[in-house]
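Comments concern the structure below.
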Amino acid sequence: MAQWACVSAANLSCQATIVNTQKQRNSPRCDAFSFKGSEFMAQSCRFSIPQAVYRRPRNDVCPLKVVCVDYPRPDLDSTANFLEAAYFSSTFRASPRPTKPLKVVIAGAGLAGLATAKYLADAGHQPILLEARDVLGGKVAAWKDSDGDWYETGLHIFFGAYPNIQNLFGELGINDRLQWKEHSMIFAMPNKPGEFSRFDFLEVLPAPINGIWAILKNNEMLTWPEKIKFAIGLLPAILGGQAYVEAQDGLSVKDWMRQQGIPDRVTTEVFIAMSKALNFINPDELSMQCILIALNRFLQEKHGSKMAFLDGSPPERLCAPIVDHIQSLGGEVRTNSRIQKIDLNNDGTVKSFVLNNGSMIEADAYVFATPVDILKLLLPENWKEMPYFKKLEKLVGVPVINVHIWFDRKLKNTYDHLLFSRSPLLSVYADMSVTCKEYYNPNQSMLELVFAPAEEWISCSDSEIIDATLNELAKLFPDEIAADQSKAKILKYHVVKTPRSVYKTVPGCEPCRPLQRSPLEGFYLAGDYTKQKYLASMEGAVLSGKLCAQAIVQDYELLAARGKKTRLPEAAAR
């Protein structure tokens, strides 16, 4: 696939906008987007169906009182990883107040950029966060259509094994915005259309016994001999710890399984679905390190694999509170502020960020918190041969497609949970009209589905993608959905394409991941592709932002002195 350029998206005026989160929450979005050459492309389509007319209820009419009941928040606060993340957060608030706060310009308002700005503000510095588009969130961005319905970049799940994310929610006072589900993993059964197989984690058992129990009790996906061989194959990972896990980066999931003598059917039954859920690719491409890190978190932490849905759209329910926090401490967040060029000093360090409208922003420190593909497009020529940047060539974003379909009826063959489709074309899906409070609808279902692997489909038309999706849904809902829509009918759909999403975690890419502090004084990176232990995930993005902020705080004296040096010639010139 051709490299995607970073160009202007929905708003082409190139005028910077200071974010007002109250205004943003109420502002309407267009019904169709086409972000040519950008990270995302989103399009929508609606159908006129006489026998199934879609009408949103009037605000002044309440025919049914809806009470959403979810599972209690698990006891995460006493776990070692949560406490470690909590202490990390506290170091920013407890750090000595700077004599002169650093002005730090951050490009990219995804979770990595938002986290960097949040923790820098906590430490008493002045972040200026620049977002190219008119919506915050990066890979968790979402839009509202003309009916007032949200559609998202991806189907986002918040695990108990995400300690930095969980701390962030607590620090913002929004723990109640996570809707926790029962502690289970639910897989569709392709050989039994319409049926599911469950891995249920008992709350009364500690880790890793609860995970082992869940695997042993499931007799529908793996036979006892397969379970035993799989358990024996995992022993080196369990005994070898993190050093062993990192050493497996050079092997694909498929190759590692065969090397350990684990039957191919284990890969087919379990790890195709898991690979696509973790990185949107199949196990013959995915690094085994990625799987082992996930298994380690899920098995070693009692609530590690417990899942929660956000109770509404990420821009409003997660990003907006972070922005409010940043602004309350003197920071700034600007949308429609796309970086056109990194301008350099004579010594190769950053002089300023040049925006598309020609304006320049100078600062004491500079952060790139965009996806790695955008960073590579904007790298100055004399940086490209530096080993730190040259190794980024192997890090490439993976394409993914997120599909939303509104049906004319309430589908019955589903759960209030994330579901693993085990389809060759689909990864995970959920009926968001059940799982999410803001999207709740007692009469009609809205399925949100991750279409992956998407390499061969990213250039296809939306109608082709919807037709292929319906063919797969007909197998998951044999009594309710037919490919020709002779059963449930589509009212409307949205297809969101991300040509370059999280970095593709293929074998051998771990050594290519950069540290947050670059070798160039005053220039830093943040993003899930940078070096941190949670790989390509929301947790990884937030942790990378904290690590980036930590590096800048540690470099305060150096950066403050550097700022004085650059300001002295300016003063002399005046």
Proximity of [X] and [Y] rings by center, below 6.0 Å:
| X | Y | result |
| --- | --- | --- |
| Y529 | Y503 | no |
| Y415 | F196 | yes |
| W406 | Y493 | no |

What are the two closest heavy atoms between [X] and [Y], and how far apart are they?
| X | Y | value |
| --- | --- | --- |
| I281 | T505 | CD1-O, 4.4 Å |
| T153 | G138 | OG1-O, 4.0 Å |
| P72 | W180 | O-CB, 4.0 Å |
| L114 | A109 | CD1-O, 3.7 Å |
| H404 | M446 | CB-SD, 4.1 Å |

Quick check: do [X] and [Y] have side-chain heavy atoms less than 4.5 Å from each other?
| X | Y | answer |
| --- | --- | --- |
| M221 | R422 | yes |
| T498 | N402 | no |
| V502 | V398 | yes |
| L310 | P314 | yes |

| query | If you draw the axis of the six-membered ring of F477, does the NZ or CZ of K410 fall within 45° of it and under 6.0 Å from the ring centre? | reply | no

| Enclosure of K254 NZ (heavy-atom neighbours >12, cutoff 6.0 Å) | no

| message | How about NZ on K229, more than 12 heavy atoms from neighbouring residues, nucleotides or ligands closer than 6.0 Å, or not? | response | no

Using a strict 4.0 Å threshold on nitrogen-to-oxygen distance, state whether [X] and [Y] make a salt bridge.
| X | Y | result |
| --- | --- | --- |
| E480 | K412 | no |
| D416 | K181 | yes |
| D311 | K437 | no |
| E438 | R177 | no |
| K492 | D147 | yes |

Can you tell me how far apart [atom1] ([X]) and [atom2] ([Y]) are? Round to the nearest 0.5 Å.
| X | Y | atom1 | atom2 | value |
| --- | --- | --- | --- | --- |
| D431 | F407 | CG | CZ | 9.5 Å |
| R409 | K487 | CZ | NZ | 10.0 Å |
| E448 | M432 | CD | CE | 4.5 Å |

| task | Using the side-chain hydrogen bond (donor to acceptor under 3.5 Å, both in side chains) rule, pick out the option among N296, N210, N81, T79 that qualifies with E301. | result | N81

| request: Could you please spell out the steps behind the side-chain hydrogen bond (donor to acceptor under 3.5 Å, both in side chains) verdict for T469 and E472? | output: CA-CA 5 Å; T469 301; E472 296 304 309; over 6 Å; no

| task | Report the C-alpha separation of F201 and W213 in whole Å, then their side-chain angles, then the decisive distance to 0.1 Å, and conclude whether the ring pair (Phe, Tyr, Trp, His ring centres under 6.0 Å) test is met. | result | CA-CA 7 Å; F201 296 73; W213 176 264; over 10 Å; no

| query | Stepwise, does the side chain to side chain contact (heavy atoms under 4.5 Å, CB included) test hold for L178 with R73? | reply | CA-CA 8 Å; L178 287 178; R73 182 177 183 271; 6.0 Å; no

| Verdict with supporting geometry, F420 and Y429, ring pair (Phe, Tyr, Trp, His ring centres under 6.0 Å) | CA-CA 7 Å; F420 293 82; Y429 69 98; 9.6 Å; no

| said: Show, in sequence, the C-alpha distance, side-chain angles and deciding distance for V428 and S421, and conclude whether the side chain to side chain contact (heavy atoms under 4.5 Å, CB included) test is met. | reply: CA-CA 6 Å; V428 292; S421 74; over 6 Å; no

| message | Between I272 and N282, is the side chain to side chain contact (heavy atoms under 4.5 Å, CB included) condition met? List the steps. | response | CA-CA 6 Å; I272 289 179; N282 281 316; 3.8 Å; yes

| said: Could you tell me if H494 and D145 have a donor-acceptor pair between their side chains, going purely by distance under 3.5 Å? | reply: yes

| query | Parallel, tilted or perpendicular: which describes the rings of Y244 and W256, with under 30° parallel and over 60° perpendicular? | reply | perpendicular

